[in-house]
K.L.:
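Take this structure first; my questions come after.
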Amino acid sequence: MKILVTGGTGYIGSHTVVELQNKGFDVVIVDNLSNSKIEVVDKIEKITGKRPEIEVFDLVDREKTSGFFKRHNDINGVIHFAAYKAVGESVEKPLKYYRNNLVSLLNILESMIETGVENLVFSSSCTVYGQPDELPVSEKAPIKKAESPYGNTKQISEEIIQDTVKVEPVKAIALRYFNPIGAHESALIGELPLGVPNNLVPFITQTAVGIRDELKVFGDDYNTPDGTAIRDYIHVVDLAKAHVVAIDRMINNKMKDKFEVFNLGTGNGYSVLDVIKSFEKVSGVKLNYRIVGRRPGDVEKVWANPEFSNKELGWKAEKGLDEMMESAWKWQLELQKEQNNQ
Ligand code: UFG
């Protein structure tokens, strides 16, 4: 069985390639390396003992995408990660986000139909729920108006896919991620933020090694026990494993509908201060942080109801917060080592 993983050298993509190969799938990656490095392929090979194929091009290019699918006529399914994901940047450059995230999806869907590939797993996000009226949030919760063009690309993408599966032989699973953090236990792959990280955990680990002066905690006046915002952090390897289950489900015709949606979260909500405390505990490093005002666009609290995913997929996130922070720290230390050797 051969799976195309778009964005396979990225953060979640690379961990998913590892899990797919561990389960015996052949993988071909397409990535334009806009936010990742080709060396990730060596690391995947080191972990799994198997080198995935890779082609470097932009899926926004229709000709190249179509040519790729025609050449690789043995693909059984597609896991589509390749997309821009910085919420703030998407507000500044909406068209960049709409073009990249939507055109690539259209090209992939058209090429799949053209070449008879029927199975698509799509990277979606809990951002589609906005600030949910009820917590924990289940897949049945209403979709709220998107807070950012990035979030809107995820909503529109789900709609495009839903409309397509109604009339084409394609079926799809959208996986709505909560907050993926941590890194592979080997510390050979992990999150590689270019420039100043937007996300909490890379900012914490970079502050701890002195790349950043201090972590700014965005707001302590939320309606939460300690006043800081709450998220459902999930280990990236747990998340990656869910993709393998989803692909298996499609290939083995276990889907109950041509379009299915699953929450990928743990069901536990942690505040920003909880995350900092866990980091300090596992690393033994005292973190330099300061409370500042809220970040525009942030929701107050969101965590998943993972019951449907647990039951239907037979999948459950296994790793706890300390384990996640420990792996993120180990990865940061490995990056420092690599840098010192250069
Ligand atoms: N935070 C800080 N300081 C920082 C960075 C983050 O206090 O320097 C706080 C945020 O305010 C938030 C929490 O840490 O309360 C988590 O923030 P992240 O940026 O790590 O994650 P978000 O929940 O904002 O965003 C994530 C993904 C998005 C996705 C969104 C909702 O990064 O792609 O979840 O699904 F859209």
Side-chain angles (χ1 to χ4, degrees), residues 7 10-13 35 81 83-91 97 101 122-132 135 137 139 141 143-158 174-182 191 193 195-208 211-236 239 261 263-266 268-279 287-304 321 324-325 328:
Y11 175 44
I12 307 174
N35 193 27
F81 292 105
Y84 292 149
K85 59 164 189 178
V87 178
E89 189 193 34
S90 78
V91 177
Y97 274 67
N101 293 5
F122 177 69
S123 270
S124 192
S125 166
C126 70
T127 195
V128 302
Y129 301 120
Q131 176 60 65
L135 286 167
V137 60
E139 291 83 352
I143 302 297
K144 293 270 181 75
K145 184 172 165 35
E147 292 276 352
S148 69
Y150 157 76
N152 208 18
T153 67
K154 293 297 174 193
Q155 294 189 359
I156 297 170
S157 294
E158 285 197 12
L175 298 176
R176 292 182 179 156
Y177 312 152
F178 284 68
N179 285 54
I181 61 169
E191 195 170 2
V196 183
N198 295 304
N199 296 115
L200 178 63
V201 172
F203 210 106
I204 288 178
T205 57
Q206 289 196 4
T207 305
I211 300 173
R212 313 278 155 214
D213 290 340
E214 63 171 12
L215 170 79
K216 294 186 180 70
V217 174
F218 298 133
D220 70 347
D221 56 352
Y222 286 109
N223 182 24
T224 60
D226 66 23
T228 64
I230 293 179
R231 297 287 182 276
D232 185 336
Y233 297 93
I234 173 167
H235 197 292
V236 65
L239 194 79
V261 173
N263 279 346
L264 297 187
T266 65
N268 302 311
Y270 290 105
S271 73
V272 178
L273 293 180
D274 289 334
V275 176
I276 294 174
K277 270 183 223 141
S278 164
F279 172 77
L287 192 76
N288 187 28
Y289 71 90
R290 182 165 61 96
I291 311 281
V292 300
R294 294 182 181 192
R295 181 170 69 177
D298 271 349
V299 300
E300 181 168 86
K301 48 190 167 194
V302 61
W303 62 92
L321 184 60
M324 299 187 217
M325 296 312 289

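Along the sequence shown, residues carry numbers from 1. First listed ligand is number 1; within each ligand, the first listed atom is number 1.
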K.L.:
Give the residue and atom name of whichever protein heavy atom lies nearest to atom 11 (O) of ligand 1, and the separation in Å to one decimal.
P.N.:
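Here the closest protein heavy atom is D298 OD2, 2.5 Å.
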K.L.:
Closer than 3.5 angstrom, by distance alone: can the side chain of E300 be matched with the main-chain N or O of N223 as a donor-acceptor pair?
P.N.:
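At least one qualifying donor-acceptor pair exists.
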K.L.:
Between D232 and T266, is there a donor-acceptor pair closer than 3.5 Å when you use the side chain of the first and the backbone of the second?
P.N.:
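A pair under 3.5 Å: yes.
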K.L.:
Go through it in stages, so that I can follow the logic: the residues are L200 and L215, the test is side-chain contact (heavy atoms from CB on, under 4.5 Å), and I'd like the CA-CA distance, side-chain angles, deciding distance and then a yes or no.
P.N.:
CA-CA 9 Å; L200 178 63; L215 170 79; 4.0 Å; yes
K.L.:
Please report which non-hydrogen protein atom sits nearest to atom 24 (O) of ligand 1, along with the residue it belongs to and the distance in Å to one decimal place.
P.N.:
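Ranked first by proximity to atom 24 (O) of ligand 1 is R295 NH2, 2.9 Å.
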K.L.:
Hey, does the side chain of N152 reach the backbone of P149 with a donor-acceptor pair shorter than 3.5 angstrom?
P.N.:
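The answer is no, because no donor-acceptor pair under 3.5 Å joins these two groups.
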K.L.:
Would you mind running through ligand 1 and noting each atom that sits below 4.0 Å from a heavy atom of K216?
P.N.:
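Taking each heavy atom of K216 in turn, ligand 1 has 2 (C), 3 (N), 4 (C), 7 (O), 8 (O) under 4.0 Å.
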K.L.:
Decide yes or no for Y177 and I12: does some side-chain heavy atom of the first lie under 4.5 Å from some side-chain heavy atom of the second?
P.N.:
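Y177 reaches I12 side chain to side chain.
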K.L.:
Using a strict cut-off of 4.0 Å, indicate which atoms of ligand 1 neighbour a heavy atom of V217.
P.N.:
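Those qualifying, in numeric order: 7 (O).
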K.L.:
Could you tell me whether a side-chain N or O of D226 sits under 3.5 Å from a main-chain N or O of T228, the two making a donor and an acceptor?
P.N.:
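Yes.
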K.L.:
Could you identify the single nearest non-hydrogen protein atom to atom 9 (C) of ligand 1 and state the distance to 0.1 Å?
P.N.:
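Closest protein heavy atom to atom 9 (C) of ligand 1: V272 CG2, 3.8 Å.
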K.L.:
Taking 4.0 angstrom as the limit and counting only heavy atoms of A229, give me the atoms of ligand 1 inside it, by number and element.
P.N.:
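Close to A229: 15 (O).
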K.L.:
Taking only heavy atoms of L215, which atoms of ligand 1 are found under 4.0 Å from at least one of them?
P.N.:
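Every atom of ligand 1 under 4.0 Å from some heavy atom of L215: 3 (N), 4 (C), 8 (O).
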K.L.:
Where does F178 meet ligand 1, judged by heavy-atom distances below 4.0 Å: at the side chain, the backbone, both, or neither?
P.N.:
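Neither; nothing of F178 gets under 4.0 Å from ligand 1.
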K.L.:
Does N288 reach the main-chain N or O of T207 with its side chain, forming a donor-acceptor pair under 3.5 Å?
P.N.:
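Not at all, since once roles are kept as given, no pair shorter than 3.5 Å links the two residues.
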K.L.:
With heavy atoms of L200 as the reference, note each atom of ligand 1 found under 4.0 Å away.
P.N.:
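The list of qualifying atoms is 1 (N), 2 (C), 5 (C), 6 (C), 14 (O), 18 (P), 20 (O).
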K.L.:
Please state which protein non-hydrogen atom is closest to atom 32 (O) of ligand 1 and give its distance, to 0.1 Å?
P.N.:
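Protein heavy atom at minimum distance: N199 ND2, 2.8 Å.
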K.L.:
For atom 12 (C) of ligand 1, what is the closest protein heavy atom, and at what distance to 0.1 Å?
P.N.:
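Checking every protein heavy atom, the shortest distance to atom 12 (C) of ligand 1 gives R231 NH2, 3.8 Å.
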K.L.:
Which atoms of ligand 1 sit under 4.0 Å from any heavy atom of Y150?
P.N.:
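In order of numbering, the contacting atoms are 29 (C), 33 (O), 36 (F).
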K.L.:
So is F218 polar-close to ligand 1, meaning N/O to N/O under 3.5 Å?
P.N.:
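There is such a contact, yes.
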K.L.:
If only atom types and distance count, is the side chain of N263 paired as donor or acceptor with the main-chain N or O of V137 below 3.5 Å?
P.N.:
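Here the side-chain-to-backbone pair exists.
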K.L.:
Please work out, at 4.0 Å between heavy atoms, whether the side chain, the backbone, both, or neither of Y233 comes within that distance of ligand 1.
P.N.:
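Only the side chain of Y233 comes within reach of ligand 1.
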K.L.:
Which ligand 1 atoms does C126 reach within 4.0 Å, using its non-hydrogen atoms?
P.N.:
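Near C126, the atoms of ligand 1 are 31 (C), 35 (O).
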K.L.:
Taking 4.0 angstrom as the limit and counting only heavy atoms of T127, give me the atoms of ligand 1 inside it, by number and element.
P.N.:
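Going through ligand 1 atom by atom, the ones under 4.0 Å from T127 are 31 (C), 35 (O), 36 (F).
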K.L.:
Roughly how far, to the nearest 0.5 Å, is the OH atom of Y97 from the OG1 atom of T153?
P.N.:
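Going from OG1 on T153 over to OH on Y97, the span is 8.5 Å.
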K.L.:
Taking non-hydrogen atoms only, is N198 closer than 4.0 angstrom to ligand 1 via side chain, backbone, both or neither?
P.N.:
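The part of N198 near ligand 1 is the backbone, not the side chain.
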K.L.:
Just to be sure I read this right, does ligand 1 sit under 4.0 Å from the backbone of N179, its side chain, both, or neither, counting only heavy atoms?
P.N.:
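The answer is the side chain.
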K.L.:
Please check: side-chain N/O of K144 versus main-chain N/O of Q131, any donor-acceptor pairing under 3.5 Å?
P.N.:
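Yes, K144 side chain to Q131 backbone: donor-acceptor pair under 3.5 Å.
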K.L.:
Shortest non-hydrogen contact from K301 to P132?
P.N.:
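Nearest pair, atom of K301 first, then P132: O-CD, 4.0 Å.
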K.L.:
Say whether S125, considering both its backbone and side-chain N or O atoms, lies within less than 3.5 Å of an N or O atom on ligand 1.
P.N.:
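Yes - when backbone and side-chain N and O of S125 are compared with those of ligand 1, one distance drops under 3.5 Å.
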K.L.:
Got a donor-acceptor contact below 3.5 angstrom from the R294 side chain to the D221 backbone?
P.N.:
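At least one qualifying donor-acceptor pair exists.
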